[in-house]
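Below is one structure, written out as structure tokens, with a few remarks after it.
No hydrogens, no waters, no symmetry mates; every other heavy atom, side chains included, goes into these values.
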Amino acid sequence: MTTAVTELLIQKYMPILRESPLFRQLSDEELHLFLNNTSLYIESYKKQSFIALTGEPMEGIGILLSGHAHLTRENVMGQRTIMTELHPSDMFGEALLFTDKPNWPATIQTTKASEVLFLPLEAFTGSFKGCESCQLQIVTNLLHDMSEKALQLTRKVHYLSLKGMREKIFAYFMDIYTKQHSTTLQLPHNRQEMADVLNVSRTALSRELGRLQDEGIIRLDGKTVSLLNLDDIAEFGF
């Protein structure tokens, strides 16, 4: 269902919008000014619905306002790889915004009922009276976010370039260790999602995790993993 952006909806989602990387360093007044001057709209989606399908036209950047979604790619064998998890305030589609023929290169599917704010190209190229400085900040934020996501893609390629299951797992653990600064990791994925991220089968992944625990390299407790031998694991970090 498509809904026009109103002042009531802006107030409802203001806490989420403030957290979006696109609106970093904007005051509430500047954010209101920008949102009231653009042709934005909100789409509502049920659980397991498709926000975007590979190859379909892309009509604007999306910001997840509520719910949760996965950005995935599928190969010719039907194997699905989770490229990105989307949480409220996360942005997607920005890399396509200025291309000649913007078509979604991946599929985005909800895992919960979700709402998405869409911002068309003219929201970034149009001239809005009184919003010149906030537009400059928004474009700066957009470029920063694109740079960060390019780095994340490089990490993903790093996983895929490693041939052994153990090496992929170690690289994955080291990325989380770098972010959490603790040898006791809180994994962001369940076992199936972790297999999708590493592009391996869940069965093979579970088998190798069991071996690592038996060898005293890690300790598993649900989605908590303790790194007991960091030196061996660190060799494969990004």
Side-chain angles (χ1 to χ4, degrees), residues 1-5 13 16-17 20-22 38-126 138-139 141-162 168 172 188-190 192-202:
M1 182 178 69
T2 303
T3 306
V5 175
Y13 293 113
I16 296 298
L17 293 171
S20 170
L22 187 62
T38 53
S39 302
L40 313 184
Y41 61 96
I42 294 173
E43 289 278 1
S44 299
Y45 300 90
K46 296 179 180 179
K47 181 180 179 180
Q48 300 301 326
S49 296
F50 292 102
I51 297 173
L53 288 170
T54 303
E56 285 191 343
M58 193 278 280
E59 297 179 356
I61 285 178
I63 296 176
L64 194 66
L65 297 175
S66 65
H68 181 266
H70 285 154
L71 189 152
T72 65
R73 291 294 301 269
E74 193 170 292
N75 63 21
V76 293
M77 303 298 292
Q79 295 174 314
R80 187 185 70 146
T81 300
I82 296 177
M83 306 299 291
T84 307
E85 281 193 87
L86 297 173
H87 302 276
S89 80
D90 285 345
M91 177 171 54
F92 56 90
E94 63 272 32
L96 308 173
L97 190 64
F98 296 98
T99 58
D100 292 334
K101 294 182 180 180
N103 293 319
W104 291 108
T107 292
I108 304 174
Q109 186 175 19
T110 63
T111 60
K112 300 178 181 178
S114 304
E115 291 179 290
V116 178
L117 172 69
F118 283 99
L119 300 89
L121 177 61
E122 54 265 30
F124 302 91
T125 59
I138 287 169
V139 172
N141 293 341
L142 179 65
L143 294 173
H144 178 270
D145 185 77
M146 291 171 66
S147 298
E148 288 292 324
K149 288 184 176 177
L151 182 58
Q152 291 175 15
L153 180 60
T154 302
R155 290 194 179 98
K156 182 68 178 180
V157 172
H158 178 53
Y159 296 154
L160 297 178
S161 70
L162 297 170
K168 291 176 185 285
Y172 174 81
H189 305 105
N190 61 33
Q192 182 59 59
E193 290 168 348
M194 181 178 172
D196 289 340
V197 167
L198 298 179
N199 198 31
V200 298
S201 76
R202 178 176 175 173

_Sequence neighbours excluded, every pair satisfying ring pair (Phe, Tyr, Trp, His ring centres under 6.0 Å) that has a member inside residues 44-63_ = none
*Any chance you could measure Asn141, atom CG, to Leu22, atom CG, to the nearest 0.5 Å?*
6.5 Å
*With rounding to the nearest 0.5 Å, note down the distance linking CD in Glu59 to CG in Leu121.*
12.0 Å
*Quick one: NE2 on His87 to NZ on Lys112, what's the gap to the nearest 0.5 Å?*
9.0 Å
*Please report the shortest heavy-atom distance between Pro188 and Tyr172, naming the atom on each side.*
CD-OH, 3.7 Å
*First locate atom CG of Leu65, then atom CG of Leu117, and finally report the distance between them rounded to the nearest 0.5 Å.*
5.5 Å
*Is there a donor-acceptor pair under 3.5 Å between the side chain of Ser89 and the backbone N or O of Ile16?*
no
*asked:* Are the side chains of Ile108 and Leu86 in contact, using a 4.5 Å heavy-atom criterion?
replied: yes
*Specify the closest pair of heavy atoms between Ile51 and Ala69, including all atoms of both residues, with the distance to one decimal.*
CD1-CB, 4.1 Å
*Would you confirm whether Lys168, through its side chain, and Leu162, through its main-chain N or O, come within 3.5 Å as a donor-acceptor pair?*
yes
*Heavy-atom pair of closest approach, residues Ser66 and Pro88*: CA-CG, 4.0 Å
_Donor-acceptor contact present, side-chain Arg73 to main-chain Pro105, <3.5 Å_ = yes
*What distance do Leu71 atom CG and Thr107 atom OG1 have between them, rounded to the nearest 0.5 Å?*
8.0 Å
*Would you check, one step at a time, whether the test side chain to side chain contact (heavy atoms under 4.5 Å, CB included) holds for Asn103 with Thr54?*
CA-CA 7 Å; Asn103 293 319; Thr54 303; over 6 Å; no
*For Glu193, which residues count as a side chain to side chain contact (heavy atoms under 4.5 Å, CB included) partner, sequence neighbours excluded?*
His70, Ile82, Glu85, His189, Asn190
*Between Phe118 and Phe92, what is the ring plane arrangement, given parallel below 30°, perpendicular above 60°, and tilted in between?*
perpendicular
_Please give me the minimum heavy-atom distance between Leu96 and Met58, naming the atom from each residue._
CB-CE, 3.4 Å
*Polar side-chain atom of Ser161 near backbone of His158 as donor-acceptor pair, under 3.5 Å*: yes
*So, for Asp145 and Met91, which heavy atoms are closest and what is the spacing to 0.1 Å?*
OD2-CE, 3.2 Å
*Is there a donor-acceptor pair under 3.5 Å between the side chain of Gln109 and the backbone N or O of Gln48?*
yes
_Heavy-atom pair with the smallest gap, counting every atom of Ser201 and Ala195_ = C-CB, 4.0 Å
*Quick check: does any side chain N or O of Thr110 sit under 3.5 Å from a backbone N or O of Lys46, one acting as donor and the other as acceptor?*
yes
*Between Val116 and Ser44, is any pair of side-chain heavy atoms under 4.5 Å apart?*
no
*asked:* Nearest 0.5 Å, please: how far is CD in Glu94 from CG in Leu119?
replied: 11.0 Å
*Output all residues satisfying ring pair (Phe, Tyr, Trp, His ring centres under 6.0 Å) with Phe124, sequence neighbours left out; order by chain, then residue number.*
none
*List the steps, then state whether side chain to side chain contact (heavy atoms under 4.5 Å, CB included) holds for Phe98 with Leu142.*
CA-CA 12 Å; Phe98 296 98; Leu142 179 65; 4.1 Å; yes
